[in-house]
Amino acid sequence: MRYFFRRSLTIALALWLVVTMTFTIMHLIPGGPFASEKKLPDVILRNLEQRYHLNDPLYRQYGDYLINLMRGDLGPSFKYENRTVNSIIAESFPVSAALGSLAIVLSLSAGIFAGTIAALRQNRWQDYSIMALATLGFSVPSFVLAGLLMYIFAYKLQVLPSALWGTWQQAVLPTLALAALPTAYIARLMRSSMLEVLQQDYIRTARAKGLSEMYIVLRHALPNAILPVVTYTGPLIAAILTGSFVVEFIFAVPGLGRWFVLSITNRDYTVILGVTVFYSAFLMLLNFIVDLLYMALDPRIKSLDLKEV
Amino acid sequence: MLLSVEDLKVSFKTNLGEVQAVQGVSFNLEEGETIAIVGESGCGKSAMAHSIMKLIPTPPGCIAGGQIFFDGQDLLLKNEKEMRKIRGGNIAMIFQESVTSLNPTLKIGSQILEALKKRGEIPAAEQRQRAMEMFSMAGLPDPVRIFKQYPHQLSGGMRQRVMIAIALAGNPRLLIADEPTTALDVTIQAQIMELLHELRHNTGKSIILITHDLGLAAGFASRVMVMYAGKIVENGTARDIFYHPGHPYTRGLLAAVPRPGQERLSPIPGRSPDLINPPQGCAFWPRCGQAMLICQQSQPPETIISDLHRVRCWLAHHHAVGSY
Amino acid sequence: MEIRPQMFQPLPAKRQAEEYADHPSYSYWQDVQKRFMKHKPAMTGLIFIAFLVIMAAIGPCVSGHTYYDQDLSMVNKAPNSAYWFGTDALGRDIFTRVWYGARISLLIGLATSVICLVIGVFYGGISGYLGGLADEILMRAVEVLSSIPFLLYVILLMVLFEPGLKAVFLALGLVYWLNMARIVRGQVLSLKEREYILAARLLGLSKWRILCRHLLPNTLGPIIVTATLLVPEAIFTEAFLSFLGLGVASPQASWGVLVSEGMSGLRNHPWQLFFPAVLISLTMFAFNFVGDGLRDAMDPHLRQEV
């Protein structure tokens, strides 16, 4: 389909833009990557610069970078002698993916459920309490929430561990901290979408057929109300991704987010650059998939697409 | 007596106040009869029709009083579960906007099948066939293909036929058609009315037609009721209404129909009444060319003009001069 | 009531005319104001913001301490009569630091909102008005730029710039205008369809005049809402950055810095986290509520006509 082609082009363009912008930013940083080190003897400094081609003209470094990128090689880490960016990503991304997936599943299920209940019991206590919780989840920043959760559950009540990764108990607090904002957002979205759908004429027709309320909600209302949530999936994943920086950091979860934060503090430029490129590519790909999913779900758009472009 | 509505009152709470949509409406319907309820938008006819099936959304809406006897039982006393049995199977409804009244993301087939499935009366194997029968009865040309299509792939007229088929699926005794042709163009309108005529003759179902078109009503129903501002201001046989209209509003409606050769249109002057604070007297007095002092002060009682012809107007009172 | 024949006299026509006396109609802004004031959460939010502004102004002055004075004999003290919110690990008064942080957060929130407003309105307004190919190109650019998560970019920019308040403004302003531009352009496009533009053209007004006087005032609704909702987002981002050590630097006391410092003392001195945490949450609550209230108040669909 022509849509495919156009989208892929946009993505490639965007990706190239990301790489170029990030590269430029990295190389604009005054002093270069080794400036923050304690005074290194000149010889060693020059050796390092040689090794990393830092003395080559900028366009050459850029070209090299792009070529390596095509090959999938993101370069070596500046700060950790024996590690490459690729290996860092390969090692830590699965952890982030696991945490992220848990958070996504939690926020989607809790959010959709809560939003639906709130819509069905509009203006009653269930609605008010759910919406109050949602506003809370919205407004309390993830790092604040992480801190509070840690304080209450790990220090005061001592029921859950405060750090690291591996057991299911260790997964609880980070997942909660990460999922709070998206859950709140999805609940609100679902509620307003569901309320709108329930006003629709076809719901009235379904009632006129004598169908039960539960059936109507599950078969008619929910599938239509869920579409905005599907659209939100893209930004959802982005939110989880950026949220992971802080949550992984606070809970010392060895994921890519934590590495990213560390590399920023350490000014490890290749890692920063590589991870940014990786994240961007990942998100763009995912957004693309979500769009396809949306098209598959709504038959109106499906039939439009065949005539479109 | 299949249906007997007595003193029905329905209101809606809005930001600006409580709208008195239906203010004490009463009428009867015999088995096999067809009646029409005519009025302009906002007069309460749809609200009343929806109340019969208790389809009024109850947060803003509320059925404030009255009784609706269907087959001898007061529907307003029934709970939701009991109403569900009645909806679809005993009473069915056809809505105005077929575009929005059908679920856009479900195939037509599923939408009619679900009306049949929940009945439980028809075994699964026969459901599809029965659905096809309904489609044919509704005059749909290619039932098998339509089954697999989505609502947006059909034309307005076809969609309305689908709605009719769905309404017939449960074999209801009473069919309520809420402005079934308003959203269609004139030729399709005629086709749908033709269909309704056929249904009436072939199946003997009772039909309530809701419309703003007096001509349509008189051509279809044996009895016509004219509603204004939540009340029935005149009811009678089609002949009575057409040839001997008693209420100035009815006369206004008849005069407002454009006729060939007419040089100027003669609409009814003035605006629709405020239903939040209904006027004290007859609701029509601000627009009535023959209004009298008493019209502003108190509501006219129902006067019997002839056997089936009643009017709610002070002009019919023996003190009033002329007119009758 | 007794019915007498005199009552059947015809009604004088002027009585009928009186019946149609017009209801008072509100102007658009009055209507918005009325509806906003009915929205309880929004009003609560507004009151809190007012409180916040007052405290941000006078807070650091009333406590008797400055935000940077260290008293190493008074480290990590719980809230008491001398130090109302307690002290931090360097003996600084948390009360003062919290309200100083309020200044910073409010400043950042408002400044970012304003910057994004200006950039977004011009970019989006021009794009929408020009239409055609120019619009396509400009919007494609926005689309492509939007596919990159904002936070990533802000972080990168902060790595580039020296940490500090001005850098935060710059970074936020450079990134968050995209959404605003999209909204403005959408509004402009919908307005272009409207009749009175045609009328203005017929009167011979110049293109610039049309832009300023006719197009812009009517797009204000969603723009105001977006601008309002940008404030909590900016405050959040700044706190996030400061938390990661990228934003405002110590000894300056933005809320993000305070939360970050509070985290390290969490186990034994929870108040160090508690106060900034509560304040930042309440502030975001308040702005979100106000934004919601504005959105509901300005939604033309809900505008009731009698």
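Throughout, a chain's letter reflects where its sequence line sits, starting with A, and its residues are numbered from 1.
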Original post:
A:Lys209 side chain to B:Ile166 main-chain N or O, any donor-acceptor pair under 3.5 Å?
Top reply: no
Original post:
If you draw a 6.0 Å radius around NZ in B:Lys107, do more than 12 non-hydrogen atoms from other residues or ligands fall strictly inside?
Top reply: no
Original post:
Does some side-chain heavy atom of B:Met163 sit less than 4.5 Å from a side-chain heavy atom of A:Thr205?
Top reply: yes
**OP:** Could you tell me which non-hydrogen atom of B:Asn103 sits nearest to which non-hydrogen atom of A:Arg219, and how far apart they are?
**Re:** ND2-O, 4.5 Å
**OP:** Report the option among A:Arg207, A:Gln199, A:Arg204, A:Gln200 that has the most heavy-atom pairs separated by less than 4.5 Å from atoms of chain B.
**Re:** A:Arg204
Subject >> Contact class of B:Gln111 relative to chain A, heavy atoms under 4.5 angstrom >> reply: both
Original post:
Is the number of heavy atoms from other residues, nucleotides or ligands within 6.0 Å of CD (A:Glu196) greater than 12?
Top reply: no
Original post:
Within a reach of under 6.0 Å around CZ of A:Phe113, are more than 12 heavy atoms found that belong to other residues, nucleotides or ligands?
Top reply: no
Original post:
Is the count of non-hydrogen atoms from other residues, nucleotides or ligands lying under 6.0 Å from A:Phe93 atom CZ greater than 12?
Top reply: yes
**OP:** Using a heavy-atom cutoff of under 4.5 Å, enumerate the residues of residues 44-57 of chain B that contact chain A, numbered in order, or state 'none'.
**Re:** B:His50, B:Met53, B:Leu55
Subject >> Heavy atoms of other groups near B:Glu80 CD, more than 12 under 6.0 Å >> reply: yes
Subject >> Main-chain N/O of A:Asp201 paired to B:Thr100 side chain as donor or acceptor, under 3.5 Å >> reply: no
Original post:
Above 12 or not: heavy atoms from other molecules or residues under 6.0 Å from CZ of A:Phe153?
Top reply: no
